[in-house]
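Ligands are counted one by one from 1 in listed order, and the atoms in each one are counted from 1 as well. Numbering starts at 1 and runs along the sequence shown.
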Amino acid sequence: MKKLIGSKKKGAAVFISGKGSNLKNLINFSKSKKSPILIKLIISNSVNAKGLVYAKKYKIQKKIYNFKIKKSTEKKILILMKKKKIDLICLAGFMKILSKNFIRKFKKKIINIHPSLLPKYKGLDTHQRVLLNKEKYTGCSVHYVSSKLDSGKIILQKKIKILKKDNATSLSKRVLKEEHKLYPKAILKIFS
Ligand code: GRF
């Protein structure tokens, strides 16, 4: 197994909008010797994103941007990505769609985690929809980001069985647990 220390690691930025459990998990992963990434930045579209607490806790720079003025915001972010030598953007519960222009201009990798077995159940409320459709299985996917929602090339997926007693809350908890294993694995895969 490759061991990477300090400056050898690729710079990563994590974009969040919510509670940031995937962010926390990626920070812990990035501290391990086997991690190919070092998280240098946390970016959010909302000052209320609960996950921003991890910036202070783990002493990582955070930035909050107004996506209502998307064009100028994305321009600023691209400049920052260059300045901070960011090689990987990880979207983790980030609720804004990055423009085609941003994706084209950011020459490195952008990846996302989604709580379904893509290409099924793109978008929001995945667990409710999965249950309504009486699916037998669900799961999570890590994929490259394209300008279409939840549609880029899939890097890794994890499938789980839906239990009779599952509701949207229990399912989201069980899927999230799998997300926390899958996201680091996908990062290891893309840099291996
Ligand atoms: C996760 O289920 C992720 O797959 C989805 O949004 C949720 C974010 O959770 N895109 P957290 O903020 O990482 O806890």
Side-chain angles (χ1 to χ4, degrees), residues 12-31 35 37 39-58 60 62-65 67 88-99 102-103 109-133 135 137-163 166-190:
V14 183
F15 287 33
I16 62 163
S17 302
K19 65 180 191 306
S21 71
N22 276 291
L23 164 67
K24 183 182 177 208
N25 179 62
L26 287 180
I27 294 172
N28 284 323
F29 164 67
S30 74
K31 288 175 182 292
S35 163
I37 60 158
I39 297 173
K40 294 181 173 175
L41 265 177
I42 298 167
I43 286 183
S44 180
N45 62 305
S46 166
V47 66
N48 297 320
K50 292 213 175 78
L52 287 171
V53 296
Y54 299 120
K56 196 167 178 195
K57 185 166 177 202
Y58 294 102
I60 298 171
K62 68 163 188 237
K63 286 266 187 185
I64 294 138
Y65 286 100
F67 273 78
L88 175 72
I89 292 176
C90 299
L91 307 183
F94 184 62
M95 301 300 281
K96 297 286 168 189
I97 295 175
L98 297 168
S99 74
F102 181 92
I103 295 164
K109 298 171 173 33
I110 310 178
I111 61 176
N112 181 41
I113 187 147
H114 185 75
S116 80
L117 292 173
L118 291 173
K120 288 176 111 178
Y121 303 101
K122 296 173 184 172
L124 297 175
D125 300 324
T126 51
H127 306 302
Q128 285 90 332
R129 288 187 285 135
V130 159
L131 289 170
L132 265 176
N133 282 346
E135 296 282 2
Y137 296 92
T138 186
C140 47
S141 312
V142 178
H143 64 95
Y144 285 107
V145 170
S146 70
S147 54
K148 276 196 200 142
L149 181 70
D150 301 327
S151 293
K153 185 172 176 252
I154 289 164
I155 301 162
L156 273 185
Q157 286 185 314
K158 172 73 188 184
K159 188 171 167 182
I160 66 166
K161 203 170 168 38
I162 297 173
L163 308 174
D166 265 326
N167 55 36
T169 313
S170 66
L171 204 52
S172 87
K173 270 191 196 155
R174 293 204 294 119
V175 171
L176 195 62
K177 231 177 168 179
E178 296 302 331
E179 290 183 38
H180 295 164
K181 292 184 217 159
L182 195 71
Y183 217 161
K185 270 191 197 159
I187 292 171
L188 281 169
K189 183 176 173 190
I190 63 178

Run through ligand 1 for me and note each protein residue having a heavy atom under 4.0 Å from it, chain first, then residue number.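 Contacting ligand 1 under 4.0 Å are Lys19, Gly20, Ser21, Asn22, Gly93, Ile113, His114, Pro115, Leu176, Glu179.
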Between Ser21 and His180, do the side chains contain an N or O donor and an N or O acceptor separated by less than 3.5 Å?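 Short answer, yes.
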Heavy-atom count check: over 12 atoms from other residues, nucleotides or ligands less than 6.0 Å from Lys40 NZ?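 Enclosed: over 12 neighbouring heavy atoms sit under 6.0 Å from NZ of Lys40.
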Non-neighbouring partners of Lys31 that pass salt bridge (Lys or Arg N to Asp or Glu O under 4.0 Å), sequence neighbours left out: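 Partners of Lys31 by the salt bridge (Lys or Arg N to Asp or Glu O under 4.0 Å) criterion come out as none, since no residue qualifies.
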Test item: Tyr121 and Asn133 side chains (from C-beta on) under 4.5 Å apart, heavy atoms: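 Sidechains of Asn133 and Tyr121: in contact.
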Taking C-beta and beyond as the side chain, do Pro184 and Asn25 meet within less than 4.5 Å on heavy atoms?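 They are in contact (side-chain heavy atoms under 4.5 Å apart), so the answer is yes.
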Mind checking whether Phe67 and Phe94 have ring centres under 6.0 Å apart?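 Aromatic pair counts; centres sit under 6.0 Å.
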